[in-house]
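Encoded as structure tokens, the structure appears first; notes follow it.
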Number of protein chains: 2
Amino acid sequence: MTSSLQADPQRVGEVLYRTLRDRIISGALRPGARLSVPALAEEFHVSRSPVRDAVIRLVQENLVVETMNRGAEVARVSRAELVSLYEAREVLEGAVARLATERYDAALRRTLLALLAEHRAVAEQGDFGRHLELDAAFHRAIRQAAQSPVLARMLDSVQSRVLVAMRSTSLTGGMVQAVHEHQAIFEAIGAGDPEAAEEIARAHIRRLKELLRAAD
Amino acid sequence: MTSSLQADPQRVGEVLYRTLRDRIISGALRPGARLSVPALAEEFHVSRSPVRDAVIRLVQENLVVETMNRGAEVARVSRAELVSLYEAREVLEGAVARLATERYDAALRRTLLALLAEHRAVAEQGDFGRHLELDAAFHRAIRQAAQSPVLARMLDSVQSRVLVAMRSTSLTGGMVQAVHEHQAIFEAIGAGDPEAAEEIARAHIRRLKELLRAAD
DNA sequence: TCGATCAGATGTGCATGCAGTGTTGAACGT
DNA sequence: ACGTTCAACACTGCATGCACATCTGATCGA
């Protein structure tokens, strides 16, 4: 789920960054929640310096916004921005699907088949939480196979903000259809057709974007 | 040239961030150059805190890499990563061209026509420096017209690292061809054909990517 | 001559001090 | 009851202190 390169979990600031990031993505810190540096420093029993570092990184990542002399709060992702995020996601997922096709191998085939099998069962069963996980896992497998750190990082950034926004949006339906579309993406990748893989992946995200546009 | 949202030029850390970023992009700070926090603090007559803030932001932006207890240095952008950046840029420029088509208006038309006219003259004249500026201005105009902060920010991030990498790459040719391709993009946008605009813009970047792949 | 050793210098990473600013709520007058 | 005033509080943003890690270059031994 995380990622964000630069390991070094030894540094306190790095650990705090990951922790706060997880709290935001998981919804423990909701949009609008204030991030008080002294309060967080006390909570984690560290000084304000590494906390400040972590907050700065979150701001740079657009997960947090700060105002002059007023501190930081978890970013509110508007409906308009969510659509904008999906416009980016559409082309990025298309790109990684295309690249994954060019790098397709047996390992990727096994991974995707396993994910699809479980996802199909889960979707028919109606387990929405697990559906979200498997959906994310499917796309993550493809973007890892694409072996493009640049695209992967961008998708990570998009996805993190999407998750924040999704928490204040319903959009429950379409589990079975999602599996069907994933299956189509897999088949295009397996068939070695990059153009088809890209277009089908894009259409998949485009459909979700239109659902968001329609939803209220 | 800059951008990167979050105005507030009042904060010292913000000013330093912009300054260092400009130095990296302009080539004043070359890849591998060490960023000593105490040294920079002395140079700018500020304390180490805002310098540290600026460096952290640059690291988060991948313009700078830091190693545990070893400090930060300007990132070296490899040839492989440059190609990867162009794979991202290809789909992102395609996306903004498509969006710009949907938001096309007289103002954009005037802007693009003016840029193309000057660019054509400059290309025939062989002024490479001005060519680079006009090339960037053309793409910037389109991505502003797209009105997608998400895509704009991603393209900014890509472009900044491309500029760093380009400094150690020749890739001089193709000014006239670039103008032709820009002209084609403009015509597709003006014709209100989003699909064509996207594909032509993508092909434009794809060609540059292939040039990079070929170059050595 | 050349490699190993080690002390001094430099710098990172976390802790902390502090002035200035924004916020809040209680006291006050109307 | 209700708006205004203002003082105490909380926090930001910059400055600075310091322990420890890393680097450098001079000294030493073989």
Side-chain angles (χ1 to χ4, degrees), chain A residues 2 4-24 29-76, chain B residues 2 4-21 23-24 28-76:
Chain A
T2 59
S4 74
L5 23 178
Q6 281 112 26
D8 277 320
Q10 335 216 31
R11 294 193 306 205
V12 177
E14 177 77 20
V15 175
L16 289 175
Y17 165 68
R18 292 180 198 273
T19 303
L20 292 177
R21 192 176 191 279
D22 282 347
R23 284 195 184 179
I24 294 172
L29 281 172
R30 320 192 117 258
R34 297 288 302 276
L35 294 182
S36 162
V37 171
L40 291 169
E42 191 179 7
E43 175 183 348
F44 292 106
H45 304 97
V46 295
S47 80
R48 303 187 316 260
S49 297
V51 177
R52 173 73 187 149
D53 289 3
V55 170
I56 288 177
R57 294 180 62 177
L58 292 169
V59 169
Q60 193 68 8
E61 214 174 324
N62 277 350
L63 282 174
V64 159
V65 294
E66 61 180 354
T67 335
M68 181 65 173
N69 288 329
R70 266 184 44 90
E73 62 177 51
V74 179
R76 305 171 194 274
Chain B
T2 57
S4 74
L5 14 183
Q6 281 113 22
D8 277 322
Q10 335 217 33
R11 294 195 303 207
V12 178
E14 177 77 21
V15 174
L16 288 175
Y17 164 69
R18 292 180 198 272
T19 303
L20 292 177
R21 193 175 191 278
R23 283 195 184 178
I24 293 171
L29 281 172
R30 320 191 117 259
R34 296 290 302 274
L35 293 182
S36 162
V37 171
L40 291 170
E42 191 178 9
E43 174 183 347
F44 292 107
H45 304 96
V46 296
S47 80
R48 303 187 317 259
S49 298
V51 176
R52 174 73 187 149
D53 289 3
V55 170
I56 288 177
R57 294 179 62 177
L58 293 169
V59 169
Q60 192 68 6
E61 214 174 324
N62 278 350
L63 282 174
V64 160
V65 294
E66 60 181 356
T67 336
M68 182 65 173
N69 287 330
R70 269 184 41 90
E73 63 178 51
V74 179
R76 304 172 195 274

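The basis for the numbers below is simple: all heavy atoms, side chains too, and nothing from hydrogens, waters or symmetry mates. Please read all numbers here as calculations on a predicted model, not as lab measurements. Chain naming here is simple, since letters A, B, ... match the order of the sequence lines and numbering starts at 1 in each.
Heavy atoms of A/Leu40 sit nowhere under 4.0 angstrom from any nucleic acid atom. Residue contacts shown for A/Ile56 are absent, as no nucleic acid heavy atom lies under 4.0 Å away.
Between A/Arg30 and A/Val74 the shortest heavy-atom distance is O-CB, 3.4 Å. Considering all non-hydrogen atoms of both residues, B/Glu73 and B/Arg34 come closest at OE1-CD, 3.9 Å. B/Pro31 and B/Ala75 get closest at one heavy-atom pair: CB-O, 3.4 Å.
Toward the 5' end of DNA chain C, the nearer of the two residues A/Pro50 and B/Ala39, judged by each one's closest nucleotide, is B/Ala39. Of the two residues near DNA chain D, B/Arg34 and B/Asp53, the one whose nearest nucleotide lies more 5' is B/Asp53.
Side-chain nitrogen and oxygen atoms of A/Arg52 include at least one within less than 4.0 Å of the OP1 or OP2 phosphate oxygen of D/dG13. Between B/Ser47 and D/dC14 there is no side-chain polar atom (N or O) within less than 4.0 angstrom of OP1 or OP2.
For B/Ser49, counting side-chain heavy atoms from C-beta on, the closest listed nucleotide (C/dC14, D/dC14, C/dG13) is D/dC14. With C/dG11, C/dG13, D/dG13 as the candidates, the nucleotide lying closest to the side chain of A/Asn69 is D/dG13. The nucleotide whose nearest atom lies closest to any side-chain atom of B/Val46 is, among D/dC14, C/dG11, D/dA15, D/dA15. Side-chain atoms of A/Arg70 lie closest to C/dG22 of the nucleotides D/dT12, D/dG13, C/dG22.
Partner A/Val64 forms a side chain to side chain contact (heavy atoms under 4.5 Å, CB included) with one of A/Leu29, A/Leu35, A/Leu20 and no other, that one being A/Leu35.
With hydrogens and angles ignored, a donor-acceptor pair under 3.5 angstrom links the side chain of B/Arg48 to the base of D/dG17.
The CG atom of B/Leu35 sits 18 Å away from the P atom of C/dT10 (whole-angstrom rounding). With rounding to whole Å, A/Glu42 atom CD is found 15 Å from C/dA15 atom C1'.
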